[in-house]
There are 2 protein chains.
Amino acid sequence: MAVTIKDVAKAAAVSPATVSRVIADNPRISEDTKRKVRETMKHLGYYPNFQARNLVIQKTQTIGIIMADSATLAFQNPFFPEVLRGISSRAHESQYGLYLSTGATTEEIYEEVISMTQGKRVDGIILLYSRIGDKIMEYLYNSNIPFSVVGRPDVHTESISYVDNDNVGNSYEVVNYLIGLGHQRIAYVGGGLEYVVSLDRLKGYRKAIEKEAISYDPELIVNQSISTGLEEQSVRRLMQLDQPPTAIVTHDDLIAYELISYLQDMKIDVPGDVSVLSFNNHSLSEHLKPPLSTVDISIYELGLHAAELVLEKIKDREAPVREVTVPSRLIERGSCRSL
Amino acid sequence: MAVTIKDVAKAAAVSPATVSRVIADNPRISEDTKRKVRETMKHLGYYPNFQARNLVIQKTQTIGIIMADSATLAFQNPFFPEVLRGISSRAHESQYGLYLSTGATTEEIYEEVISMTQGKRVDGIILLYSRIGDKIMEYLYNSNIPFSVVGRPDVHTESISYVDNDNVGNSYEVVNYLIGLGHQRIAYVGGGLEYVVSLDRLKGYRKAIEKEAISYDPELIVNQSISTGLEEQSVRRLMQLDQPPTAIVTHDDLIAYELISYLQDMKIDVPGDVSVLSFNNHSLSEHLKPPLSTVDISIYELGLHAAELVLEKIKDREAPVREVTVPSRLIERGSCRSL
DNA sequence: CTGAAAGCGCTTACAG
DNA sequence: CTGAAAGCGCTTACAG
């Protein structure tokens, strides 16, 4: 079959141990034999077998990436590829590979995580979401497996490495911005309340509202499950309120445009009648009409740091837990107007 | 450390061989001992070590996924997550894992492919693109490694399993549709000419044009590299032609909307002044203004079959090469008008 | 129906 | 500076 370390050893007239040491660039091996061995490796087309190597060193040099159920819309969202690009970049730098969860349901993914960690397929895990009462995170936490989370964990927050934006702060700032433009009736269309990011943003929203002594009106809140699209009906309900919103904050650019299309169907102009503000800064948002005011949350950086954090834990299990906050910035474009 | 097959054997008072056979559900083991062993496995929390298992059976149960350089815009595009979803689904069904390339440049990715295949990290490869003169495909082909391609290979076409749309046909149909609407000056904004899909679509375009004895005008062709966005300047050039196009075919919805935004900047109305037609049917395209007429190319199916094809090759290296054509359909919306 | 032994392709103390 | 040997955690002929 493939050429092994033994073949190289024989051809180079050294022992397999020596070949192994040459691969590891062990300083105790003379330059002469290194050269000789490397030549025959090249000549024979030798490539080390990871499985064998990993088995003995008890590592895999790979990181498992767990996303929420792939059946969801989250997949349509550019968030995933972009965060992956950040992760890839950092992982590649340290010669780590990426292993992806393939399950479609929460249960399947849970099984996968157990099997990939227990079965030593990966050295650590990046959780691409933070959800309330998540079994997978709980398992990871209890098993003392190196992992990091994109998003603030709702429990054990102090003992888990994670990367996040300042979601409460961002949301506060954004709502405050709208208030500054003269808006008082501000709706919030968020992701499902099982996600910590949604809860945090809702908290920031509320803080900003109440600071101005505007009363918090639950009617103005739509919590759209992340797996379905935005429902036209929710938008309709919102706009048919006795006091409809004059501004809407939403959690993703794609959702924002879907929202805007429903508003247009109802002959409601953006930003003429209603201002819309969003998160994620999709590459398209500057080109569409209206150009969307949105918060850039540095998705690539999120991925980069998530990788950095697991890597730290993998390299040293006693490494201190770290929390990284990645910057966000509001990009003002044309979808909001002052009253 | 972790509990191994030996621990289970000891606890269940059988040999490691027997435990191994129980895991494999070998029919020669009595139901009695199977039950006993399974219980102690459960009790001890045993999970098989993949590395060890894979080392002896000489398989990995994982598929490597190679995308074009991650530095590109292709990543912003929903194509990648959607095709991945299709692949995941099929892979999960057969209990195969997914291993992702992380390199940012062609050269890095090439090195990775060699190391993941030679180093036995994966059993097979899915190439997510087909490019002219691609070194990676050439290597895969020559090394007799199981692989499949999303997109028609430009060489060895008969000896490689791949899945594709009928790109020539689709493009022909689409251009023909525009001609049917009365258009004669039809521009084509395609991806880079290094991709077979772009070449094929251009071929279909040309066929449709020439069938009507409309002369092929190179001025109407823009071949945008896939890694950069569409350049405003190219659009400007197109529209400042002596005889500017009345319709534009473009290769991706996101690009189409970027194009449309440039046209709007130039006070050119879509579809009033120019019709626009695209490929990929992004989930957003029905919601935006104008709703985009686009070709749905069944991206999910593309992934599904790509996985199916490698799996066939992995399971049986002598399995016949197959070519799968996935259906496409033109979705007429509001971005084209008849002259 | 079950076990002892060899082996997958590596690494790494230990010895020299 | 290098080698022989043991071992990582499994599987699988071979034997009984």
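Every chain is numbered from 1 and lettered A, B, ... according to where its sequence line falls, protein lines coming before strand lines.
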On DNA chain C, more 5' by nearest nucleotide between P27(B) and I5(A) is P27(B)

Result for 5'-nearest mapping on DNA chain C, choosing between A17(A) and S30(B), is S30(B)

Taking atom [atom2] of [N] as reference, at what distance in whole Å does atom [atom1] of [X] sit?
X	N	atom1	atom2	answer
K6(B)	dA6(D)	NZ	C1'	11 Å
F50(A)	dC8(C)	CZ	P	20 Å
K10(B)	dG9(D)	NZ	C1'	14 Å
R53(A)	dG9(D)	CZ	P	16 Å
R28(B)	dT11(D)	CZ	C1'	12 Å
Y46(B)	dG9(D)	OH	P	10 Å
R21(B)	dG9(D)	CZ	C1'	16 Å
Q51(B)	dT11(C)	CD	P	13 Å

Margin query: Can you identify which nucleotide, out of dG9(C), dG3(C), dG9(D), has its nearest atom closest to the T18(B) side chain?
Written below: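 The listed nucleotide nearest to T18(B)'s side chain is dG3(C).
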
Report the nucleotide, chosen from dA4(D), dG3(C), dG9(D), that has the shortest atom-to-atom distance to any side-chain atom of S15(A).
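Nearest to the side chain of S15(A) among the choices is dA4(D).
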
Notebook entry, point to check: Does Q58(B) put a side-chain nitrogen or oxygen below 4.0 Å from OP1 or OP2 of dG9(C)?
Noted result: yes

Which residues pass the side-chain hydrogen bond (donor to acceptor under 3.5 Å, both in side chains) test with N54(A), not counting sequence neighbours?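 With neighbours one apart ignored, the set is empty.
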
| task | Just jot down the side-chain hydrogen bond (donor to acceptor under 3.5 Å, both in side chains) partners of K34(A), sequence neighbours excluded, or say none. | result |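 For K34(A) the side-chain hydrogen bond (donor to acceptor under 3.5 Å, both in side chains) partners, ignoring immediate neighbours, are D25(A).
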
Worksheet entry | Cationic N near anionic O, under 4.0 Å, R35(B) to D32(B) | yes

Check your understanding: When you check the gap from the basic side-chain N to the acidic O, do R152(A) and E323(A) get nearer than 4.0 Å?
Key -> no

Its dot-bracket string being built from Watson-Crick and G-U pairs below 3.5 Å, with | for another strand and [ ] for crossing, DNA chain D has the pattern |||.||||||||.|||

Start at the 5' end of DNA chain D and walk down; is the nucleotide closest to L55(A) or to I57(B) reached first?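 Result of the comparison: L55(A).
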
- Item | Quiz item: cation-pi between R53(A) and F50(A), 6.0 Å / 45° | no

TODO: Remember a base hit wins even if backbone is also touched, and classify V14(B) as base, sugar-phosphate or nothing at under 4.0 Å, heavy atoms.
DONE: sugar-phosphate

- Message: Any base atoms under 4.0 Å from T4(A), or only sugar-phosphate, or nothing? Heavy atoms, all strands.
- Response: sugar-phosphate

message: Can you see whether T117(B) engages Y139(B) through a side-chain donor-acceptor pair at a distance of less than 3.5 angstrom?
response: yes

How about E112(A) and T102(A): does a side-chain donor come under 3.5 Å of a side-chain acceptor? yes

Take atom P in dT2(D) and the same atom in dA6(D), then report the distance between them in whole Å. 23 Å

